[in-house]
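The sequence lines fix the lettering, A, B, ..., with proteins before strands; numbering per chain opens at 1.
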Protein chains: 4
Amino acid sequence: MIEFALFGAGRIGKIHASNLVRQPGVRLKYVVDMHVPSAQALAQMHGAQLADVVQALGDPAVGAVVIASSTNTHADLIIAAANAGKAVFCEKPVDLTVARSRESAEAVRRNGVLCMIGFQRRFDPTFAALKARIERGEIGDPEMLIVTSRDPGAPPAEYIRSSGGIFRDMLIHDLDVFRWIMGDNAQTLHATGSCLTDSAVREAGDIDSTAVTIRTKNGLLCQINTSRRAAYGYDQRFEVLGSKGMLQAGNVRPTEVSAWSAGGISVDVPEPFFLERYRQAYAAEMAHFVEALTKGTPVRTTIEDGVRALELAELATLSWKKGMALELRSDGEIEAMTEA
Amino acid sequence: MIEFALFGAGRIGKIHASNLVRQPGVRLKYVVDMHVPSAQALAQMHGAQLADVVQALGDPAVGAVVIASSTNTHADLIIAAANAGKAVFCEKPVDLTVARSRESAEAVRRNGVLCMIGFQRRFDPTFAALKARIERGEIGDPEMLIVTSRDPGAPPAEYIRSSGGIFRDMLIHDLDVFRWIMGDNAQTLHATGSCLTDSAVREAGDIDSTAVTIRTKNGLLCQINTSRRAAYGYDQRFEVLGSKGMLQAGNVRPTEVSAWSAGGISVDVPEPFFLERYRQAYAAEMAHFVEALTKGTPVRTTIEDGVRALELAELATLSWKKGMALELRSDGEIEAMTEA
Amino acid sequence: MIEFALFGAGRIGKIHASNLVRQPGVRLKYVVDMHVPSAQALAQMHGAQLADVVQALGDPAVGAVVIASSTNTHADLIIAAANAGKAVFCEKPVDLTVARSRESAEAVRRNGVLCMIGFQRRFDPTFAALKARIERGEIGDPEMLIVTSRDPGAPPAEYIRSSGGIFRDMLIHDLDVFRWIMGDNAQTLHATGSCLTDSAVREAGDIDSTAVTIRTKNGLLCQINTSRRAAYGYDQRFEVLGSKGMLQAGNVRPTEVSAWSAGGISVDVPEPFFLERYRQAYAAEMAHFVEALTKGTPVRTTIEDGVRALELAELATLSWKKGMALELRSDGEIEAMTEA
Amino acid sequence: MIEFALFGAGRIGKIHASNLVRQPGVRLKYVVDMHVPSAQALAQMHGAQLADVVQALGDPAVGAVVIASSTNTHADLIIAAANAGKAVFCEKPVDLTVARSRESAEAVRRNGVLCMIGFQRRFDPTFAALKARIERGEIGDPEMLIVTSRDPGAPPAEYIRSSGGIFRDMLIHDLDVFRWIMGDNAQTLHATGSCLTDSAVREAGDIDSTAVTIRTKNGLLCQINTSRRAAYGYDQRFEVLGSKGMLQAGNVRPTEVSAWSAGGISVDVPEPFFLERYRQAYAAEMAHFVEALTKGTPVRTTIEDGVRALELAELATLSWKKGMALELRSDGEIEAMTEA
């Protein structure tokens, strides 16, 4: 029986909690959230206790933690949990800065604890099946990746102001998909973007529409297009062109009804947003974490993956701000970038 | 808290149990199955006790039963449970004979207990959405229903011999879909069929491929085609033509991957069989039953629905055997049939 | 150079004329139509002359005729043309009666002339590709055929009154598709139908919605559903289930635009009606006829096919009127039918 | 009656000839090609005469020319034809250099002749319908354009060496689509690429895989991905995200057959290459040209469009070679570019 502490009793915390307690050999012991009513409600639902960080991490019975609190607490909690010898599951991103992310990763390495970052897309049935088919050689060598990633609508300006910007907040997932699917390191990156959907985004110093291009060390190409708004809902697709064919990952629809009328033949729009779209992925990633803990197997999305995706997001932010394509130095993706 | 007894700890019993225990305000108290190891394993998983029928129905704490045992026990259990004043959820079919089905329905009526038959398709998200859209008038008046219903492969000959024949065993669902979607009573029915996939089916006195046509009292038309074998998997589609348009219910696929190769552009075959295809439907029907129990609301699939579907199955069997179209007498769907 | 006479300068006559003159080695010499302005206009467009039937058939330079006049003239013209030794391309149906059709076929046989009936669907690229794939064994042995055939709207009551009824007028194509695709003879046939779309159809003594089931000598099954009205346009689909898989023939759309909006993801409705849907098929069938003429090869759709399809249409009409399934006597599809 | 001279009797010349002669009020008088057998065959097929350039342009009866000869002759022929007062239809590109293209455009302007460049994609039924729907406001304001453009296989190295490079040869079409669909001027452009499919391409100094990003003056975004090789055939898609929805233009398939087997549900790959894919577009553009000539209406694809697309192609080539994003000076798209 592995006992868990959960940090964060908000929307995503609740999802992780309910997925966690369904795993065999697991017990949720503590729920930690400064917002006591949320913590209390969630604790009660799962038979857990309220605690603060010190209590939760100080209890030697606790073997693992789930970090689902606000982004600015992630690094501190990872480091504290790692130092306390706990295994860590942490929502993305590790942090909004590369420096602090690397410190978190270093703490994890130093303490030798298992640490998984919640890049749930890697656990989506469609995306995971596509990746497996690439690995089986179905399309030969991957050459190009085209990612379309659009939210149904922009979040409140307040959220945007503390989000770290669209590249760190939203594209972090797409950049992780790039790394996962193409299995090659970025060499040059170009990002541009605009504020097209909501002037509040501009006032918050951010953009809502982006176009990113990555060229890898082996010359593979990746284009990512994102928008904070798609009138038709949450749009999550990508396609991989390989030497022998192409694989596409399409959206998931709530139902398989087709309606034929004089105006056209129509099917449902995609699932409304990430909670619905990635419901199975959230369940699968938690099962994967618990299985790794139990069996001592590695996790699919390590803290290094979290650091690398953040580095790319930072690079994209810089490229956008400078209006330049940027190149990564040959001595390491994580080290530095020079002008092209 | 409503306490339940479950009869039948086989494949479908396990599904119902796991969906049942997720409902709020419910406890699974007893598991009843002559195969003790199965009963024991399932009881243990859900913290229930072993019992026999008498014990389970004799316990006044038990408010409701789930009948998931073999078909030949359904009618006895429904009647016994109804007489004991328990609410009943029973897997389809009510029985393999119309007479016994009607006795079961009569027992339910006499005792005034809630009784729901497990026509899970009515709870499938796609099918239910389609029905709701008809009711909202999206396609005007329904005129024609085309049902395609194909299993991935024939069951063992042994199963077929005790199944009551393809019309009672397999088409019972499609006939219920007809009644539900068209909302009109059958007036004439023609059924034909063949044994095309497996000579073992013929030796068991049955057929594996059928073509049924129903004309309703209002002249609406329904065609059902079924096969015990589809090389590409479990195929469950229907379409409703109405005066203002058409609605189609398509298959559900495990993933949304499309593969583009020189040989074509391909997507996944449908979910392999009913347990996967109707996973959400099984969950939703149990939630519906518990909600009806709790709130005192009616159930969507009554025992009368079970009797009516069986009557149509019996009519289809007779039509096939006689090679004739049959008509239902005007004094009631359930009464009699005369030659056209 | 083969010289042609064309009978009928209406809508379909114009199409055949324009397809004909594109063939190499062909000249349209005469256009015959009692409606002189139509004949004149069409003759002028293609550099042909006006003529009457006697003139056209009496000219020894004329090697072949295209019959695109009204249905009630087909048999007379086929017989006259055959007796004059001309090759014949005739629009479907041969005639509205089986007896007269057979006489026409007999005249063709007696005179040894080439005769092709315009079942253009067999020349549609989608349908022809599907048939070829069946013949290559892609789905093993065909077992079931499901045909959906819906017009965008009912023709004027006047047309219906002289049409011979929906089975002879509209289903004749679907019945030919059945014969062509399944490659087996009908043994029993059941037809039913209703008048659901327009009371003018009922007043004309006809129905507008039908459901036909055919069982072949080898036990293969075919279901055909038709309607005179589909709010979304002209709907022409069929699917063939075989022992190793299934092939579907879908509709053809004018464009490949998909529109994603909050209300759904929609594509175009099918091509509006048969002239657009089968444009390529009309061109291909005329090329096929001219090629057969030129090279002495057989035609794909003989007058026997025309007779057989009409027999099935007549059988369907009778089945509908009697409300009975009908069986074909074992001594020949064309001979007689007895009650089941 | 407008008399035409055709320059170039190769593959595309034949297509233009056959589309041209179908137009009313048009006669093909001369075919000009240094390869006499080709010229002769084509002239004979359409009842035209052989001629050389001087003869053809010197004949005052000739009102218009179609230029379908090799790219390096386009500019000379446009200028000569314009100076001779002939209307001009010229295949894309105008020339491989911006300077010579501008000279050609200047000759056209100076002589006031009608000149149309063969950007046939604008006449494709799917693409044209999509554009019309944008103009009707269906998706609000366009924000992003994603273009996928992949050839089935790389041309011979010899072709590539004289092609002007992938941006001028292949992306010229996609860049025109960008200008046409987005209706805004490029402000910054970033292009990158690789040689992934065939080392012969690299040896020819070119690349075969590209990723281009354009940001317009109004901040609209466009991403284009291209490859010289797609194992599944010719892939021509684009999608436009707007403030109110999205429109996608999909590939065209030869047939609408779907095949369902244990391995998946598959449809045809797209039409094999541009001659098949854009058959209708080639016909429509020639009809458009003749109509413009006859009615005095403007053409949809002017020589200015040809110049602008080439400017973007040159910009893309430069961006790729320098590894930099480039910006267009505010005083005109065609003038200059400075480093970002």
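Contact count against chain A (heavy-atom pairs under 4.5 Å) is highest for D:Ile146 among D:Ile139, D:Thr188, D:Ile146. Interface summary for chain A: among D:Gly242, D:Ser243, D:Ser209, D:Gly245, the most heavy-atom pairs under 4.5 angstrom belong to D:Ser243. Contact count versus chain D (heavy atoms, under 4.5 Å) is highest, among A:Leu196, A:Asp235, A:Thr148, A:Ile207, for A:Leu196. Of all the listed residues (D:Ala231, D:Ala211, D:Ala230), the one sharing the greatest number of non-hydrogen pairs under 4.5 Å with chain A is D:Ala211. Put simply, of A:Thr210, A:Asp141, A:Asn218, the one with the most heavy-atom pairs under 4.5 Å next to chain D is A:Thr210.
With a threshold of 4.5 angstrom between heavy atoms, A:Thr226 approaches chain D through N, CA, C or O but not through any side-chain atom. Proximity to chain A (any heavy atom under 4.5 Å) is shown, for D:Ile214, by neither the backbone nor the side chain. In this structure, the portions of A:Met246 lying under 4.5 Å from any heavy atom of chain D include both its backbone and its side chain. Heavy atoms closer than 4.5 Å to chain D are found in the side chain of A:Arg215, but not in its backbone. Contacts between D:Ser227 and chain A at a heavy-atom distance below 4.5 Å involve backbone atoms as well as side-chain atoms.
Summarising the local packing, CZ of D:Arg133 is surrounded by more than 12 heavy atoms from other residues, nucleotides or ligands at distances under 6.0 Å. The number of heavy-atom neighbours closer than 6.0 Å to CD of D:Gln280, taken from other residues, nucleotides and ligands shown, is 12 or below.
In terms of heavy-atom proximity, D:Ser194 sits nearest to A:Leu221 at OG-CD2, 4.0 Å.
A:Arg237 has a carboxylate O that lies under 4.0 Å from a charged side-chain N of D:Glu239, or vice versa, which qualifies the two as a salt bridge.
With rounding to the nearest 0.5 angstrom, the SG atom of A:Cys222 is 10.5 Å from the CG atom of D:Asn225. The structure places CD of D:Gln223 at 8.5 Å from CD1 of A:Ile224, a figure rounded to the nearest 0.5 Å.
A:Glu143 is listed as a side-chain neighbour of D:Thr197, based on a closest heavy-atom distance under 4.5 Å. For the pair A:Thr192 and D:His190, the minimum side-chain heavy-atom distance is 4.5 Å or more.
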